[in-house]
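Notes for the one structure printed next.
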Amino acid sequence: MAVYSTNEFKAGLKIMLDNDPCSIIENEFVKPGKGQAFSRVRIRNLKTGRVIERTFKSGESLEGADVMDVEMQYLYNDGEYRHFMVPDTFEQYQADDKIVGDATKWLKDQDSCTVTLWNDAPLAVTPANFVELAIVETDPGVRGDTSGGGGKPAKLDTGAVVRVPLFVQIGEVIKVDTRTGEYISRVKE
Amino acid sequence: MDTQKSEWQSACSLELLRLRAQTLQKIRRFFMDRSVLEVETPLLGQAVGTDPNLSFFTSEYHYPPMQKKMFLQTSPEFAMKRLLAAGCGSVYQICKAFRNEESGRFHNPEFTMLEWYRVDFGLSELMAEVEELMALLFEHQGLQPTQRVSYQSLFQQYTGLDCLDFCYEDYVAYVQNSGLFDAIALCGHDHAVWLDFIFSHGIQPHLGESAFLVVYGYPACQSSLARINAENPLITDRFELFLKGVELGNGYYELNDALEQERRFDQEIALRERLQRPAAIKDERLLGALAQGLPDCSGVAIGLDRILMLLSNSPTIDGVLAFPVSNA
C-alpha cells in the first residue's frame, strides 16, 4: 500500500492510524515563523466513526488504507447478516448489524446504498441521502390540518420512527432525509 | 476544456488586487513620511539563512564555464544588514521571500514580505512604530487599541507553565490535561519544540481576538538573530505580532556581534547536518559587515499577504494571491 506524507494529506484521503482505517477530514499546516512545522489533522476513524485530532511533525508519513466506497443494492436480511450486491458485477457482500449500524433503520430491500470496503470487507454502510418509506403506525391525524406544526411520531416499514405532520396517514409513503432523520414530503403514488 | 480554461484565471478578485495596491501605497507613504529609505536587495543570493526550521529553494547560475549554486532568499535580512553596516541609515523593503516546504491556509512558498530596520531604535520604539503602521492599515476595522504582553506571562496565563524553566513532568502533565497527547512523542526532551507545540496549539489560536497583540521577550532557545536581553539572559529582545490568531510579524533588537553571530550560524549548520537537512552556506559577507560594525538597530518583518487576508476576511492565503503556487 502507498505511503503518504503529511504534505499529501487531503480531505478524503484514507490512511491507517493505530491499526484502524481512517479518513482525513482536514489538514492544517501549522508553522511558527521561527520554529518547528506541524500538521494538525482532523481524522475520522472509519471503524468507530469517531473524529479525533492529531498532530504530526511536518513531513512524517502514514500508510494508506485500502478503503473504497462502492454503490450497492441492499438485498435482504437473513437474521444474522445483511446482504448487498454490486449491480454491475453481481458480486455479493454480507455485513452484520454492528457494521451496518444506524443504516439498518433506513434500508429497504432493493434500495441502493454506499458500502465502504476495507481490504474488500464491509466496514460501514451509508444509506442514500433520501429514502422513500411507508408509514406502518401513527396516530390518526386531524383532517384539514396542513400546517405540519407540532407533528406526531410515525413508525416506518423499516422500523425507523420520524416526526411527521398531523395530516400524514398510515399507508402513505414519505420521503425522509437520512442524514437528519427528518420528514421531507409525502410521495404521490 | 473547461477546467483548462478556468486554470489560467486568477481566483483572486479584482477588488483584492486593488486592496493590495492601496495597501502598498499606504505603506510607502508611511515610510516616506518618516524618511525611511526604500531599498531592493537580491532575491537570488550566494548564501542563505541557516535556520534549521526553514527550507530554501536552490537554483543554478550558468555563465559558462562557470556554474554556481544560488539560493532564493528566505528573507532579505542579511543583505539589508549589509546596507546598514555600510551606513545607509533606516531602510525598508517590500519583496518576495521564498520558503520551501511551506504550503497551507496561511502559507504559500513564495510570499510578500515587508521588512524594515530602524537605526538607533530599541525594541519598544520599533513595537510602537509597528503599532502605528497597523493602526493606519486597519483604520476602518474597528479594532481595540493594541495590547502588549510578555511571552512568559502569556504562557503562564494559558498553561500555568514556566516557559523559561523546562520541567518535563509539568509540560507532560499540561498536555495530558489539555488533550494534546501527541506532544509527548513529537517533542521528546527538546524545550524549543515543546514551546512551539504548546504555543501554536494551545495559545496562538486565542490571541488578538479584537485587537493586535504584541508578544515580546521570547525564550532564548528560540531566536537566532535577536540579542539576549540585557537584564534577563533567559529571554531575547524579540517580539511577534498577532491578530485573530494569525502570526503577522517578527521583530528583533538586532544582534551586532559578529563572533556571536558566527557561533549561532555554526550551531545551526551542525543541527541541519544532524537533522539531515540540505546544507546551508553561511553568509560570510554578513559576518564581514557585522565585523565592520552594524549600527545599533531594531528590525521587523511582516507578512503582507496575511495582512491582506485579515483586511479582507479571506480564510486562505490563496484568496489574496493573484496566483497561488497551485496554479502559478
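Numbered from 1 within each chain, the chains take letters A, B, ... in sequence-line order. From a predicted model like this one, the values you see are computed outputs, not experimental measurements.
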Q: Starting at CZ of B/F155, measure out to CG of B/L161 and round the result to the nearest 0.5 Å.
A: 5.5 Å

Q: Just say parallel, tilted or perpendicular for the rings of B/Y171 and B/F166, cut-offs at 30° and 60°.
A: perpendicular

Q. Checking A/E28 against chain B: side chain, backbone, both or neither under 4.5 Å from a heavy atom?
A. side chain

(Q) Tell me whether the rings of B/Y168 and B/H189 are parallel (<30°), tilted (30 to 60°) or perpendicular (>60°). (A) parallel

Q: Select one option (side chain, backbone, both, neither) describing which atoms of B/Q204 are under 4.5 Å from chain A's heavy atoms.
A: neither

Q. Which region of B/F181, side chain (C-beta onward) or backbone (N, CA, C, O), has a non-hydrogen atom less than 4.5 Å from a non-hydrogen atom of chain A, or is it both or neither?
A. neither

**Q.** Proximity breakdown for B/L180 and chain A, heavy-atom pairs closer than 4.5 Å
**A.** side chain

**Q.** Within 6.0 Å of CD in B/Q267, more than 12 heavy atoms from elsewhere
**A.** yes

Q.
For A/E53, which atoms come within 4.5 Å of any heavy atom of chain B: side chain, backbone, both, or neither?
A. backbone

Q: Please round to the nearest 0.5 Å and tell me the distance separating atom CD1 of B/I307 and atom CD1 of B/I302.
A: 5.5 Å

